[in-house]
**Student:** 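Got a structure for you, written out below as structure tokens; questions coming shortly.
The structure presented is a predicted model; accordingly, all values stated were derived computationally and were not measured. Start at 1 and go down the list; that is how both ligands and their atoms are numbered.
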Amino acid sequence: MLKINTPMSKLPGSYLFADIAKRVNEFSAKNPDKKLIRLGIGDVTQPLAPAVVNAMTKAVQEMGNKNTFHGYPPAFGYDFLINAIIANDYKSRGVDISPDEVFVSDGAKSDSGNIQELFSSEERIAVTDPVYPVYVDSNAMAGRAGVYSNGMWGQLCYLPVTAENDFVPELPDRHVDVIYLCYPNNPTGTTLTNDQLKPFVDYAIKHGSLIIYDAAYKAFINTPNVPRSIYEIEGAKSCAIECCSFSKTAGFTGVRCAYTIVPKEVFGVDDNIKKVSLRDLWARRQSTKFNGVSYIVQRGAEAVFSPDGKKQCQTTINYYMKNATLIREELKKAGYTVFGGVDAPYVWLKTPNNISGWDFFDLLLKKAQVVGTPGEGFGPSGAGYFRLTAFNTYEATQEALAKILAI
Ligand SMILES: *Cc1c(COP(=O)(O)O)cnc(C)c1O
């Protein structure tokens, strides 16, 4: 019989959202008259910018005309989008990226999950704790995480981020080959400044390690000394791969477009200690397993960088950040200890009286009919924390806060 990928079968189920749904359904069944407000959603809610819709509509028309029809897109993206990405997201910030270092894709989730295919199965991986689960699970599926027990993988190096270290991870206390960093952070909503990120770049250069930098929330950054790209840190182009997405920047969660930067200076070694370019390896991987992003979607993504597109997307981001500010400030007023929500659409709060995130979940559900996400769902160091998101409407967010404050 077929022998399966055993590490994949040993993965614990994703109980988090199933468990949340179960508790919510039980509550709703008992209290059919009570309306729930969801501040647990990690998905955008506001519509696409008109500039994006116009560009995509025009592209659809082109696809329906013999003279302007497009078949398979170039495997790594159309030049018009790659050039717009470089000009707007990198050149404007003093970062020099060349077109063959940009890989347009269908998502930062797939890229950050697939990138580990480039690493040997022996490589040692570090992740922050709490963490976006994709980095952990994709490595666990490849047999790189060891054995799972008591909520932790034996071979992963966990870098706790809690109130105790002000959400600034310590450098790994041992040699690791890959470090996954996501800033602005999901779930904590916190950021690293240039000075706080620099030691990770220095560590990676010293240890010959690779940093996978997930910058999916970079458009939410307001604070001046917080980098939008890891390449703003000196030396990062020799040790970091950066994943970006139009999902949160421009409401593309249902459209699907992202890009990953793999600089030509990033190398690994093969079994014979011969240097191999990770850019070339990723190009090989993508051209084999991926057939590109549709012309229509890439025209929509290009329009995000048009003058109107920029203005319209910023308006939507400001809308979400107004929600984040409301959540943060109202909770503070009520005596909660809160983090994040300044440069990210997430607020991370310490549960009152050190109750568990799950107990706080039940409390909010019963007393305020507000649904959030318990910190335990993102890793052991998430215990005793709780995530609220800024993606609902302003009115619903206001109502939720009023109810939380009345508990
Ligand atoms: C939402 C999100 C992404 C974006 O993923 P897409 O596949 O591009 O939609 C990436 N990383 C993190 C941490 C996220 O929360």
Side-chain angles (χ1 to χ4, degrees), residues 14 16-17 39-46 48 52 77 81 85 89 102-116 125-139 159 161 167 169 179-192 211-221 226 228-230 240-261 286 289-290 292-294 297-298 300-301 304 313 316-317 320-321 324 340-341 343-348 372-373 375 377-379 382 387-392:
S14 177
L16 177 67
F17 290 101
L39 298 188
I41 29 176
D43 193 359
V44 297
T45 52
Q46 298 299 302
L48 293 173
V52 170
L81 179 55
I85 289 167
D89 279 5
V102 182
F103 293 84
V104 173
S105 78
D106 66 334
K109 183 178 194 170
S110 18
D111 287 353
S112 63
N114 290 334
I115 197 78
Q116 49 76 30
I125 311 292
V127 292
T128 61
D129 170 28
V131 69
Y132 181 57
V134 174
Y135 323 140
V136 171
D137 291 359
S138 58
N139 279 289
L159 310 174
V161 275
F167 296 91
I179 306 173
Y180 286 84
L181 296 175
C182 170
Y183 287 100
N185 189 257
N186 177 11
T188 66
T190 59
T191 53
L192 294 183
I211 296 173
I212 307 295
Y213 195 74
D214 184 341
Y217 295 95
K218 66 179 178 179
F220 293 82
I221 295 172
V226 172
R228 284 169 194 242
S229 162
I230 193 169
I241 288 174
E242 179 165 282
C243 302
C244 304
S245 174
F246 293 95
S247 282
K248 316 298 162 37
T249 304
F252 270 47
T253 54
V255 177
R256 313 306 305 142
C257 195
Y259 59 91
T260 285
I261 308 294
Q286 287 299 80
K289 297 195 179 183
F290 183 64
V293 175
S294 88
V297 165
Q298 292 196 55
V304 170
C313 291
T316 302
I317 285 171
Y320 294 135
M321 288 314 290
D343 297 304
Y346 297 118
V347 174
W348 189 244
T373 314
F378 302 100
R387 190 188 76 173
L388 292 173
T389 77
F391 288 126
N392 211 319

**Student:** With heavy-atom distances below 4.0 Å as the criterion, list the atoms of ligand 1 near A216.
**Tutor:** 3 (C), 10 (C), 11 (N)
**Student:** Give yes or no for whether the N/O distance cutoff of 3.5 Å, strictly under, is met between R256 and ligand 1.
**Tutor:**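 It does: an N or O of R256 is found under 3.5 Å from an N or O of ligand 1.
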**Student:** Please list the nearest protein heavy atom to atom 15 (O) of ligand 1 with its residue and the distance rounded to 0.1 Å.
**Tutor:** Y217 OH, 2.6 Å
**Student:** Which residue holds the protein heavy atom closest to atom 5 (O) of ligand 1, what is that atom called, and what is the gap in Å?
**Tutor:** K109 N, 3.6 Å
**Student:** List every atom of ligand 1 that sits less than 4.0 Å from any heavy atom of S245, numbering the atoms from 1 in the order shown and giving each element.
**Tutor:**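 What qualifies from ligand 1 is 4 (C), 6 (P), 8 (O).
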**Student:** Quick test: of every protein heavy atom, which one is nearest to atom 3 (C) of ligand 1, and how far off is it to 0.1 Å?
**Tutor:** K248 NZ, 3.4 Å
**Student:** Which of parallel (below 30°), tilted (30 to 60°) and perpendicular (above 60°) describes Y135 and Y132?
**Tutor:** perpendicular
**Student:** Would you say the side-chain atoms of D89 pair up with the backbone N or O of I85, donor to acceptor, closer than 3.5 Å?
**Tutor:**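 Here the side-chain-to-backbone pair does not exist.
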**Student:** State whether the side chain of R387 and the backbone N or O of G375 hold a donor-acceptor pair below 3.5 Å, judged by distance alone.
**Tutor:** no
**Student:** Please tell me whether S112 and D214 have a donor and an acceptor in their side chains that are separated by less than 3.5 angstrom.
**Tutor:**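 No donor-acceptor contact under 3.5 Å links the two side chains.
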**Student:** Tell me if the aromatic rings of F290 and F103 count as close, with their centers under 6.0 Å from one another.
**Tutor:** no
**Student:** Is the backbone of G251 close enough, under 3.5 Å, to the side chain of Q46 for a donor and an acceptor to pair up by distance?
**Tutor:** no
**Student:** Checking the side chain of Y183 only, and the main-chain atoms of I230 only, is there a donor and an acceptor separated by less than 3.5 Å?
**Tutor:**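 Looks like no, no N/O pair under 3.5 Å.
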**Student:** Go through ligand 1 atom by atom and flag the ones less than 4.0 Å from a non-hydrogen atom of C182.
**Tutor:** 13 (C)
**Student:** Checking the N or O distance criterion of under 3.5 Å, is ligand 1 in contact with A258?
**Tutor:**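 No, there is no polar N/O contact under 3.5 Å.
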**Student:** How far is atom 9 (O) of ligand 1 from its nearest protein heavy atom, and which residue and atom name does that atom have?
**Tutor:** S247 OG, 2.5 Å
**Student:** Nearest non-hydrogen contact with atom 10 (C) of ligand 1 belongs to which option: V255, N186, V131, D214?
**Tutor:**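 Residue with the shortest heavy-atom distance to the ligand atom: D214.
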